[in-house]
Amino acid sequence: MISLEHVSRSFAIGDQQVYALRDINLEIAAGDYLSVMGPSGSGKSTLLNLIGLLDRPSSGTYRLDGRDVTALNDEEQAGVRSGKIGFVFQSFNLVPRLTAAKNIELPLMLAGISADLRKARVEVLLKDYGLLDRADHRPDQLSGGQRQRVAIARATSMHPAILLADEPTGNLDQSTGREVIDLLEKLTEQHVALVLVTHDPAIGGRARRQLHMLDGRITD
Amino acid sequence: MRPYDIASFASDSLQSSRARTLLMMLAMSIGVGAVVVLTALGEGARLYVVNQFSSLGSNLVLVFPGRTETAGISPGMLLGQIPRELTMEDAKALLKSRAVSRIAPMTIGSSEISYGPLNREVVVLGSTSDLLEVRHMELALGRFLPSTHEGEPVCVLGAKIRHELFGNASAIGKWVRLGDRRFRVIGVMGSQGESMGFNTDELVIVPVSAAHMLFNNSGLLRILVEAKSRDAIPRAKQDAESILLARHGERDVTVITQDAVLATFDRILRALTLAVGGIAAISLSVAGVLIMNVMLIAVSQRVREIGLLKALGAPASGIRTLFFTEAALLSFAGSMAGLIFGELGVFAIAKAYPSLPVTAPWWAVLAAVGTALATGILFSVWPARRAALLDPVAALSGK
Ligand SMILES: Nc1ncnc2c1ncn2[C@@H]1O[C@H](COP(=O)(O)OP(=O)(O)O)[C@@H](O)[C@H]1O
Ligand SMILES: [Mg+2]
């Protein structure tokens, strides 16, 4: 489904080139469960952003379902993000003025799905993630675990083929983090590919495929 | 995104930053309100003048002695002559034109009026019976000047003069003294107030011949000529000129139509309204600059949200549309509030000055709202563009 060939990403800082990613080769199939581990600054987030089409490689090719997606324009890339990719962030990134239900509905609204259909899907997601009694609460009225559940529900609302989670447990205590990982793992059973960035070996160790990064390279 | 969703998302975000929204709406509404009030005032002044003119009489052609069109210098004047007078005979001759229905000569002087021990200074107007109709004046009591027996010593008093001399007693049939002559009061004018510099309330009207004797002169200040219809006005003007040319042997009178005077006033006041409205519209662009600043702040405060929307599948154009919609909604709400302010202001002015017909012209209302919307949207181009071009990775981390 996803294939990265000789992908590099460098940033120009002054007149110096800083490489965040060097010659990455990676295949991800539908339903894969991948963890990405490595020290801070090793390029984990950069890799995730690239896969999520939030960033473009400096060189190399990125194919998604056989199509070279780096050549797409902004509108087309947005379409791919909307239809195929879900993001879960360390800091949840919920819109503070919107209720839990409205936050979950956001990707559906951006995709132009009808209000009736949206309502039905949000209802199911609220139920699945145990948020029915929190539907009308704003993020500041929710606990950390509830916020991340809202974020996961939002990330899955468009039924993405791939879920990208960048240290999703980073801001949660251990037991809440566990629950969140359980929820994400459950999604891989439904054929969603999961790329999970973490620096916790206990969490990363659960993945079927484990990637270690150092200095912009995949070391194994 | 669906239009309804765009609008409700934008309005949600406006409502979540209430102080900012209200501030921008205030700036917008002051601009729009100013346009509405100022153009209403200008238009009110214009209508006031137009009304005053039409209350003077309709289809009027005015004849003055002397040629003022050529900058006041005629060959006769160079030779030290004063322009030839207009006489009653000239006035009567104008009735020969088939385009003319009535005429009213006017001659004016000031004199002392007295009744018993009471006396005061008054303006005395000498005219004929047709003046009442030609100048659309109204009589409160008695009769106006007779159309026959023009030499009779009779007079018609202005409402205020009557009150000052007679109080609550009846004036009709009493004799008053004007200068060294006695006149019998035959009528009293209705109270009309000021009308283009003539306050009929403080006037005494006598037959032309009586006025001439009183002031020991023979000329006319002007002749009011009423054309038979609106279409007959140019014809009446031409006839008046040729009749007087034939009588005087030279072009030594000035003939103007009331329409021409009115049109000039109309033009000047309309231009004034436009200018004043335009200045007020400039204040709208100040509101525009404010909107731009506040929108830029909004963009920098909402960087994370913008990054998130991009990650969730919003294209740059979608982000731009969202910010545009916010600005458009804001300008719309602001200009509606401004319309309400403006109309309230107009209402208050109309209450305070009932004689002024103040209403904001529809084109000014349209232009004010249009300008408000246009500046609001125009000045949000840059902020919206900035939001749309944000790098999603940097935006998501709040940088
Ligand atoms: N926008 C940027 N400009 C310059 N350097 C960057 C930028 N983004 C990331 N980097 C650099 O790239 C490297 C990898 O960063 P990142 O992918 O965030 O690491 P990780 O997520 O593994 O901690 C770091 O050295 C970081 O400083
Ligand atoms: Mg990182």
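All values derive from a computational prediction rather than experimental measurement. Any value given below was found using the heavy atoms of this structure, including those in side chains, with hydrogens, waters and symmetry copies removed. To find a chain, count down the sequence lines: A is the first, B the second, and so on, and within it residues start at 1.
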(message) Other residues, nucleotides and ligands only: do more than 12 of their heavy atoms fall within 6.0 Å of CH2 on B/Trp382?
(response) no
(message) Quick check on A/Arg138 against chain B: is it the side chain, the backbone, both or neither that has a heavy atom closer than 4.5 Å?
(response) neither
(request) Kindly check if the number of other-residue, nucleotide or ligand heavy atoms within 6.0 Å of OH (B/Tyr353) is above 12? (result) no
(message) Looking at chain B, which one of A/Gly112, A/Gly83, A/Ser45, A/Ala111 has the largest number of heavy-atom pairs inside 4.5 Å, strictly under?
(response) A/Gly112
(message) Need one label for B/Leu309: side chain, backbone, both or neither, based on atoms under 4.5 Å from any heavy atom in chain A.
(response) both
(request) Side-chain contact test, heavy atoms from C-beta onward, threshold under 4.5 Å: evaluate it for A/Ser91 versus B/Arg304 and give yes or no. (result) yes
(request) Let me know if A/Asn93 has heavy atoms under 4.5 Å from chain B in its side chain, its backbone, both or neither. (result) both
(request) With the side chain counted from C-beta on, respond yes when B/Asp5 and A/Arg118 share a heavy-atom pair under 4.5 Å apart, and no when they do not. (result) yes
(message) Counting heavy-atom pairs under 4.5 Å with chain A, which one of B/Ala316, B/Gly307, B/Ala311 comes out on top?
(response) B/Ala311
(message) So, applying side-chain contact (heavy atoms from CB on, under 4.5 Å) with B/Val393, which one of A/Asp55, A/Leu48, A/Thr46 is it?
(response) A/Asp55
(message) Between A/Arg81 and B/Leu312 (side chain of the first, backbone of the second, donor and acceptor by atom type, cut-off under 3.5 Å), is there such a pair?
(response) no
(request) Find out whether the Lys NZ or Arg CZ of A/Arg97 is both under 6.0 angstrom from the six-membered ring centre of B/Phe9 and within 45° of the ring's axis. (result) yes
(request) Give, as side chain, backbone, both or neither, the part of B/Ser397 having an atom under 4.5 angstrom from any heavy atom of chain A. (result) neither
(message) For a quick test of reading the model, state the closest non-hydrogen atom pair linking A/Ala78 to B/Ala314 and the distance between them.
(response) CB-C, 3.9 Å
(request) Please look at A/Leu98 and chain B and tell me whether the side chain, the backbone, both or neither of the residue comes under 4.5 angstrom of a heavy atom of that chain. (result) side chain
(message) A/Asp74 vs B/Lys310, test: salt bridge (Lys or Arg N to Asp or Glu O under 4.0 Å). Steps then yes/no.
(response) CA-CA 10 Å; A/Asp74 173 80; B/Lys310 287 193 164 188; 5.3 Å; no
(message) Counting neighbours of CD on A/Gln190 that are heavy atoms of other residues, nucleotides or ligands and sit closer than 6.0 Å, is the number greater than 12?
(response) yes
(request) Identify which part of A/Ser114 has an atom lying under 4.5 Å from any heavy atom of chain B, answering side chain, backbone, both or neither. (result) both
(request) Assess whether atom CZ of A/Arg22 is packed by more than 12 heavy atoms of other residues, nucleotides or ligands within 6.0 Å. (result) yes
(request) Quick one: do B/Leu308 and A/Arg154 satisfy side-chain contact (heavy atoms from CB on, under 4.5 Å)? Show the steps, please. (result) CA-CA 11 Å; B/Leu308 174 75; A/Arg154 180 179 68 189; 3.4 Å; yes
(request) Kindly compute the distance separating CG (A/Leu106) from CE (B/Met1), expressed to the nearest 0.5 Å. (result) 7.5 Å
(request) Hey, could you give me the CG/CG distance between A/Asn49 and B/Leu396, rounded to the nearest 0.5 Å? (result) 7.5 Å
